[in-house]
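Working notes for the structure below.
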Number of protein chains: 2
Amino acid sequence: MLISELSKRTELSIHTLRYYEKYGLFKGEVDEKVKTNNYKHYDESLIEKVELIKEAKEIGFTLAEIKGLLDDWYSNKLSAEKKVEVLNVKIAEIDAKILQLQQVRKFLVDGIEDVKRGDC
Amino acid sequence: MLISELSKRTELSIHTLRYYEKYGLFKGEVDEKVKTNNYKHYDESLIEKVELIKEAKEIGFTLAEIKGLLDDWYSNKLSAEKKVEVLNVKIAEIDAKILQLQQVRKFLVDGIEDVKRGDC
DNA sequence: ACAAAGTGTAGACTATAGTCTATACCTTGT
DNA sequence: ACAAGGTATAGACTATAGTCTACACTTTGT
């Protein structure tokens, strides 16, 4: 698919997608058979990858971190053990974030109790 | 306490604290009895408030959102019902974030399974 | 009394992550 | 064939959240 379809299906602007591509989060392929243009084609599987990027961003990972993870993942320079290790580090980071969220959540729930008791 | 103590105890730089103060997240009080300077004094209770700001930031709230919440909270313009409502909205946002984290976590855990099965 | 360290303000600078504009070329429908 | 719309690239611009510098004044230790 071309950039506009990718944009529609991922609900990211063409600008943002190009920014991500230039950043190195993914890349499209120019059809070598076509000499008249250099339109880039994006694979069906990219949809899922972009969705993951979106999720990762929303939960607070930076583009640099996401790129690092994707690079490691698709490099084939990493052994299976290393890949598992990389993933476990990220899982630990996520668990830490979940804990923080639960702390702030508790703070807010306590706040509601205070209000209901008239302490505020 | 003065700014340097606040900085040490919150582990935020003086620059950042001044930025937050100027942003309106909190404010120090100038001692009216002292005419020679306009050093600002910060209340003991601010430590906890700043910690909350730090937590909220880390879990992805922007300064604008945090300011909105704090303003509502300390405004006394809100009825108890409104306050509870505001808090419930934030709790719902946090729950959504936790769900997202769990989704990405699952993705990574599945990734580990793939690696272990040799799919990657 | 003097130097060193603390405080306040303003404004410049940086990094991250876009977002937009201009320009030029290409494709498609009629 | 031609207008309308799609694509690529480069570079300018924006917003958020700091971070740093310069300058002036104040406080404190010796």
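The sequence lines fix the lettering, A, B, ..., with proteins before strands; numbering per chain opens at 1.
- Atom-to-atom, CE of A:M1 to P of C:dT27 comes out at 20 Å; the value is rounded to the nearest Å.
- You'll find that the side chain of B:Y19 is closest to D:dT19, out of C:dA17, D:dT19, D:dT26.
- For the 3.5 Å distance criterion, the side chains of A:E5 and A:Y42 fail to qualify, holding no donor opposite an acceptor.
- Contact check, A:T36 against C:dT27: a side-chain N or O comes under 4.0 Å of OP1 or OP2.
- Distances shown here put a side-chain N or O of A:S4 below 4.0 Å from the OP1 or OP2 atom of D:dT7.
- The distance between atom CD of A:E29 and atom C1' of D:dA8, rounded to the nearest whole Å, is 16 Å.
- Atom CG in A:N38 sits about 12 Å away from atom P in C:dC25, given to the nearest Å.
- Side-chain N/O atoms of A:R18 include one lying less than 4.0 angstrom from OP1 or OP2 on D:dA8.
- Taken together through direct or relayed side-chain contacts under 4.5 Å among Ile, Leu, Val, Met, Phe, Trp and Tyr, A:L2 and A:L12 form parts of separate hydrophobic clusters.
- Residue B:K40 is classed as a sugar-phosphate contact, given heavy-atom separations below 4.0 Å to backbone atoms only.
- For C:dA17, the OP1/OP2 oxygens have no side-chain nitrogen or oxygen of A:Y20 closer than 4.0 Å.
- Nearest-nucleotide positions on DNA chain C for B:K22 and B:E5 put B:E5 closer to the 5' end.
- For the residue pair B:S7 / B:S4, no side-chain donor-acceptor distance below 3.5 Å is found, with atom types taken as modelled.
- Candidate nucleotides D:dG18, D:dT9, C:dA17 were compared by shortest atom distance to the side chain of B:T16, and D:dG18 ranks first.
- As a whole-Å value, the separation of B:H15 NE2 from D:dT21 P is 8 Å.
- OP1 and OP2 of D:dT16 both lie 4.0 Å or more from every side-chain N or O belonging to B:K57.
- Summarising the geometry, the separation between CZ on A:F61 and P on C:dA17 is reported as 13 Å, rounded to the nearest angstrom.
- Rounded to whole Å, the distance from CG on B:L2 to P on D:dC25 is 20 Å.
- Regarding B:D31, its CG atom lies at a distance of 11 Å from the P atom of D:dT27, rounded to whole Å.
- Note: CD1 (A:I14) to P (D:dT9) measures 13 Å, nearest angstrom.
- Using a 4.5 Å cut-off between side-chain heavy atoms of Ile, Leu, Val, Met, Phe, Trp and Tyr, with links allowed through other members, B:L70 and B:V89 fall into different hydrophobic clusters.
- Applying the salt bridge (charged side-chain N to carboxylate O under 4.0 Å, His left out) criterion to B:K40, with sequence neighbours excluded, gives no partner residue.
- Side-chain nitrogen and oxygen atoms of A:N37 include none within less than 4.0 Å of the OP1 or OP2 phosphate oxygen of D:dA8.
- Side-chain atoms of B:Y39 stay outside donor-acceptor range of the base of C:dG8, with no qualifying N/O pair under 3.5 Å.
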